Amino acid sequence: MIKIKFPDGSVREYKKGITSLEIAEQISPRLAKEVYAATVNGEIRDLTRSIDTDATLILHKWEDEQAKHAFWHSSSHLMAEAIEALFPGTKFGIGPAIENGFYYDIDPGNEKVFTDSDLVLIENKMKELASKNLTYVRKDVSKKEALDLFSKKGDEYKTELIGDLEDGTISLYSQGNFTDLCRGPHLPSTEAIKAVKVLSLAGAYWRGNEKRKMLTRIYGITFPKQKMLDDYLVFLEEAKKRDHRRIGKELELFTFSPKVGMGLPLWMPKGSEVRKSLIDFMTGILRKRGYQMVTTPHIGNVNLYKTSGHFEKYGADSFQPINTPQEGEQFMLKPMNCPHHCEIFNATPHSYKDLPYRMAEFGTVYRYEQSGELHGLTRVRSFTQDDAHHFCRPDQLREEFKSIIDLVLYTFKILNFNEYTAQISLRDPDNKQKYIGSEENWIKAENDIIEAAAEKNLKTIVVTGEAAFYGPKLDFMVKDAIGRKWQLGTIQVDYNLPERFDLTYNGSDNQKHRPVMIHRTIFGSMERFIAVMIENTAGKFPLWLAPDKAIILPISEKYNDYAQNVLQLLNNSDICTLIDERSEKIGKKIRDSELRRIPYLLIVGEKEAENGTIAVRKQGEGDKGAMKIDDFVTFIKEEIKKEIAV
RNA sequence: GCCGAUGUAGCUCAGUUGGCCAGAGCAGCUGAUUUGUAAUCUGCAGGUCGGGGGUUCGAAUCCCUUCAUCGGCUCCA
């Protein structure tokens, strides 16, 4: 007999060699149907593997990532089987589970090109195979056996993968007629896979290397219940409805023109209003926190970026330098604000007493992004950062860093992003030539970030290899209204630029000392942030951000004069208001204004004209009753104040 | 940049295997109506079918090329 300890602390005895699935069945047959994987002594395993020693056991139901992972990974094998059945000779790369579903990278070989119509075929085949309740069978083999098997099949991708594995046992999983190299774990059988959707296909370089062959990647998702798939498809629809590119066009916020150039957003009047509100809001916060605003040009001498190191790192992949006709100088479009800010710092002498020096700019930068990478406002070639640089003494760094964390969280709170995660990005220890700066400074900078985040009790994940080339960083991700994650602000420690720009301050010892720099943005960029706000609110901006606060809807043209008076009063009171003087019925005017997502609809007819009032209707909520115009002005101003206060 | 897909009016979309002046709804403009909380009616106008080239008696439809967009990959200071 062996002792099994459960997460609730209880311990039960079972006979040696029992499987997790059998344990689940003994607890309840229903549980056995709802578990998809097990963690045995901390190791994630198939439910059907036997347990031979005393162990702790966690059974994973759908809610656990481990369960979804096993489910989708098994589904990717099922998809591979379907593909192999339909298109014999297809070679297989990798087929992992991902955050939402799974994919498989395949090489169709010969002349075959996969198209959307193949997706339906694959989907139907998967459903057919799934209904056969094929069992997933694990088999441990030697490296040589595995190599033999896949060489015989002629699958060079698999043999390459096996070749990279350590000697020893290698696990294979089979279901039906398909066998794959795989670490597992997998479902007991395909029975659990009740709903299947093959979503899309795309190209993907073999092993992520652009010099190697491009394979066909097929994405899919599966669920244990049809209802779950239906819900997921509804979610995808909802995301589509919130697409900032669509809403941006609809609400006339921004546009793109191939004549101007791809990836170069054109901000229309209403979009500019949103930007202005955000900038005013942020400027107010910065003033209170001791920042000083600066302004720098959109281009800079090439030598500036050679000094900063940006030229060496990105010069070849940037917009190329602009030449002067006479002086023989070269200028680059500004890809970063920091070199300019360093020169501002350098323009005056600094005492240790004056630090930290917090310098902020809404600075527009230009970066050449590959054409295939451009995406709405979230990936563009021209964007405005809410950029700031803190120049401080080494002994101030920790506190300064923590104060920025506070600032980021404070801003998120006002903006109603209550769910967020933070990611610490460190160097790739195996690829140090990617980075500039001394070993000593990197170690210092990485420790500073890790400790500052810990002192702020931030829940963080640490990722190596994601650091900027000059320093480690702390990134913030927020969750939006429908659960999607967006990366916003970033804080980066930099010992490097101060060195390169020879920045100094006078210490109490009257010697010159080197300051430390912190780069940070909170919105990330105005473009990206507005995109996130649009998707988060589905275009229904909070009052303070709405480009137009209200629209006056006269019941009939008879009241247009009175409506005009109201319009004047409101606009004079700084409440951006529109009017709809068309000879439409009030229902139509209301509908149109609701669709334009204008926060307040002000209906005026005979009663209102007589009493000097307006009938207020709040968007999405309906009639709020009549109000005096002055009261409405006060009300709106109060509402806005409430929204941007914590 | 790479792989795949898409491109018809301001927007959303029809347009069967190539065949009469390329259609609809919404938006726009006319005119009528003067309306009380999510769509009043009439009429009109609007399109080099993304651009260029080709095949054909004939191309939105087939082929080539180019541009842009979408989904990914690579990249992201």
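The structure displayed is predicted, hence computed values, not measured ones. Just so it is clear, the values below take in all heavy atoms, side chains as well, and ignore hydrogens, waters and symmetry mates. Protein chains get the first letters and strands the later ones, always in sequence-line order, with residue 1 at the start of each.
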Distances under 3.5 Å between protein N/O atoms and the N/O atoms of nucleotides 2-4 of chain B, please, pair by pair.
from	atom 1	to	atom 2	distance (Å)
rC2(B)	O4'	Y205(A)	OH	3.4
rC3(B)	O2	G203(A)	N	3.1

Considering only heavy atoms and no angle criterion, is a donor-acceptor pair shorter than 3.5 Å present between the side chain of [X] and the base of [N]?
X	N	answer
E250(A)	rG10(B)	no
S583(A)	rU33(B)	yes
R379(A)	rC75(B)	yes

* To do: Quick one: label K607(A) by what it contacts on the DNA or RNA (base, sugar-phosphate, nothing), any heavy atom closer than 4.0 Å.
  =>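 The residue K607(A) makes base contact.
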* Quick one: label Y559(A) by what it contacts on the DNA or RNA (base, sugar-phosphate, nothing), any heavy atom closer than 4.0 Å. =>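 It contacts nothing in the nucleic acid.
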At less than 4.0 Å, is any side-chain N or O atom of [X] found next to OP1 or OP2 of [N]? Yes or no.
X	N	result
R207(A)	rC73(B)	no
R582(A)	rC29(B)	no
K558(A)	rU35(B)	yes
K249(A)	rA27(B)	no
H375(A)	rG71(B)	yes

* To do: Choose from rU35(B), rA39(B), rG71(B) the nucleotide whose nearest atom is closest to any side-chain atom of S556(A).
  =>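 Given the options rU35(B), rA39(B), rG71(B), the side chain of S556(A) is closest to rU35(B).
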* **Residue Y219(A), side-chain atoms from C-beta onward, closest of rU35(B), rU37(B), rG72(B)** =>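 Nearest to the side-chain atoms of Y219(A), counting from C-beta on, is rG72(B).
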* Would you find a donor on one side and an acceptor on the other, under 3.5 Å apart, between the side chain of Q385(A) and the backbone of T364(A)? ->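 Between the backbone of T364(A) and the side chain of Q385(A) there is no qualifying donor-acceptor contact (under 3.5 Å).
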* **Dot-bracket encoding per residue of RNA chain B, Watson-Crick/G-U cut-off under 3.5 Å, | denoting interstrand** => (((((((..((((.....[...)))).((.((.......)).)).....(((((..]....))))))))))))....
* Asked: Closest heavy-atom contact between T613(A) and K607(A)?
  ->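 Nearest heavy atoms, T613(A) then K607(A): OG1-O, 4.5 Å.
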* Closest heavy-atom pair and its distance - P515(A), L503(A) ->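 Minimum heavy-atom separation between P515(A) and L503(A): CD-O, 3.1 Å.
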